[in-house]
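See below for the structure under consideration.
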Amino acid sequence: MADIQTTFQKIAESLLMGYSDIFYINAKTCHYQWFTVHKENGTIHAEPEGNDFFAESVKTLKTLIYPEDQPMLLDFLNKESMLHDMRANEMRKIVYRLMIDGKPVYHTIRLIRGITSDDDYFIIGVLNVDDTVRREKEHEELEKEHQIYNQVAKSLADQYDVIYYVNMESNHYREISKGDFYKSLEIPVLGDDFFNETARNTNRVIHPEDRSRMHDVMKKETVIKALEKDSRPSYDYRLLVDGQERYTRMVMTWAYDRKHVIFGVENIDDEVRRIQEAELQKMELAKKSITYNRIAGYLAARYEAVYYVDTELLSYVKFDTSKLDQRKNKDKTKPKGASSETGGENDYLEILKEGYDFYGDMRELVSTRVIPDDRDKVIDMLSPDRLADLRDTGETGTLIFRVLRNMKTFYMNLRVVWVDDARHLIIGYINVDNEIREKRAQETALQFATEQAERDGLTGVKNVIAYQKFEAELQAGIDAGTSVPFSIAVFDLNRLKQINDSLGHKVGDQYISDGCSLICHTFLHSPVFRIGGDEFCAILKGADYINREDLCTDFREKVIYNMSINRAVIAIGISDYRYGVDRQVSDVFKRADDKMYENKQELKNLDY
């Protein structure tokens, strides 16, 4: 080992860097010397020597080092790793916690290269860095809090006019506001005692009638209790701005860390005054018989309910019509010329509901009452843009939609009419379920009757009437230049007259049905028509058109086989539509018909 003078020289060099403990370790034998510095006078003291630094360090770690930091320190105090770093001229260091008086205290331990480069030894320095580390962590926490505050402020800025971010432990707060209004109130944007400052500002800027209540609301213990009962308690009050009242709402909520509370303040003056104006309008509405006359006239159609909407205030009144219907029924039973018992034509109009957010309430109503498939079209009909279009064009809006009542679906008819003043709407709805279902039943019956009229009674395939309609559709495509590729296949049954004459028409009908089945089972994707007693045709499109040659070959092979077992023998002729050449569907049909007669003769020649 180096002499004591050299050793102290190296130790002194290390102590200049502020280390409190120095370990001088022989890299070969692991023998070590331990030196400490007196905290007050800076003198160096030699502690007892040891024989195996690394083995004894493991024992020390288990008793003196904070448990979570022990694996990290063991990894640092690995001999092979330290030799590698030392010879690479690298100075390693880590921060760990040493348990002192039962509390973790931050220290740093460093591997230091000696003065000479040919000695195999380690110098390890230990330094108490608890104050430095804790200041850094405190700074990090403050910076993190600042970032969170900015994020919260940015996300809430659009909703609130001013936000207070309050530390409920220290009462420190920050304020962010948009515009200059709250700045004019001269409320500090930073402070250390939120609740006391709020109490002082309450006396200065809040309306006298609301001060006592807001003093109670803004006590710290009251805020905490309110947040325990409700995640977002809110309170309405009035500010005084240049002697004028301004309605305001404060909403409280815990921040994510459960350490801060966010107080959001928003201006609700316009909303409150709109409601107040709506209340006045409602009172005027009740007095003006002309309004009721308009509604009564609209109710003549026996609507279940009617909404009278002020589109400027967005307020509305929903009227019940059931008693109006009762009055009408009573009046019908009176002698001609008798007066009404009610003494007034408006006595049977009852108000079911009043509201101040027409569009919002309608969206909520639609989402719970209207079936999902119809919700979008109802919302569209009651949207500001659609209603404005009806006003500008003078049209009446009508819409059929479905609602769910008692687990059953009912059809409703919605009607929208603008009043002459171009400000008010009358919206009514009526149950038209019976009418709609009767109409649907009639349409279904008519469709069924039409299908039966176009269907062959013997074979079940479409008849010549259906073919003529289909031919007209094909012709329209040709005339418009939009026709898709298609082919016409024409079929004719051989032997039918012979079978009818010799075996009877019943057997002949079965022969026709068997022949039709062969056509349908071969051309699965094509409409088949019976166009005569023993004549059929098929229109090939899509897959059958693409595979038409293979299908025709397969069909002919089946016919040849049928000849050998005395079953239906059918001649076939097929022709493709030639785009730009064929002007009429009949041109395609005639070519197919000619080819069918050629095949018919071929089959006769084989049959005899």
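Counting from 1, the numbers follow the sequence of the chain as shown. Note that the structure is a prediction, hence the values are computed from the model and not measured.
Note that the NE2 atom of His172 and the CG atom of Asn167 stand 8.0 Å from one another [nearest 0.5 Å]. Taking NE2 of His215 as the reference point, atom CG of Asp210 lies at 11.5 Å (rounded to 0.5 Å). Here Asp374 contributes atom CG and Ile379 contributes atom CD1; the two are 12.0 Å apart, rounded to the nearest 0.5 Å. For the atom pair OH of Tyr308 and CD1 of Ile426, the computed distance is 6.5 Å after rounding to the nearest 0.5 Å. For the atom pair CG (Asp310) and NE2 (His424), the distance works out to 4.0 Å, reported to the nearest 0.5 Å. For the atom pair Leu382 CG and Lys377 NZ, the distance stands at 12.5 Å (nearest 0.5 Å).
Here Arg274 does not pair with Glu312 in a salt bridge; the nearest charged N to carboxylate O distance is not below 4.0 Å. The pair Arg246-Asp269 does not count as a salt bridge, with every side-chain nitrogen at least 4.0 angstrom from each carboxylate oxygen. Ion pairing between Lys318 and Glu354 fails under the 4.0 Å rule for side-chain N and carboxylate O. Arg213 and Asp216 are not joined by a salt bridge, as no carboxylate oxygen comes within less than 4.0 angstrom of a charged side-chain nitrogen.
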Practice task
Using the side chain to side chain donor-acceptor pair (under 3.5 Å) rule, take Glu197 and Tyr173 through it: C-alpha gap first, then chi angles, then the decisive distance, then the call.
Solution key: CA-CA 10 Å; Glu197 292 183 24; Tyr173 71 93; 2.4 Å; yes

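Within a 6.0 Å sphere centred on CD of Glu49, other residues, nucleotides and ligands contribute more than 12 heavy atoms. Within 6.0 Å of atom CG in Asp193, more than 12 heavy atoms from other residues, nucleotides or ligands are found, so the atom counts as buried in its surroundings.
When the options Lys220, Lys259, Arg258 are evaluated for a side chain to side chain contact (heavy atoms under 4.5 Å, CB included) with Met168, the one that passes is Lys220.
For the pair Trp418 (side chain) and Leu387 (backbone), a donor-acceptor distance under 3.5 Å is present.
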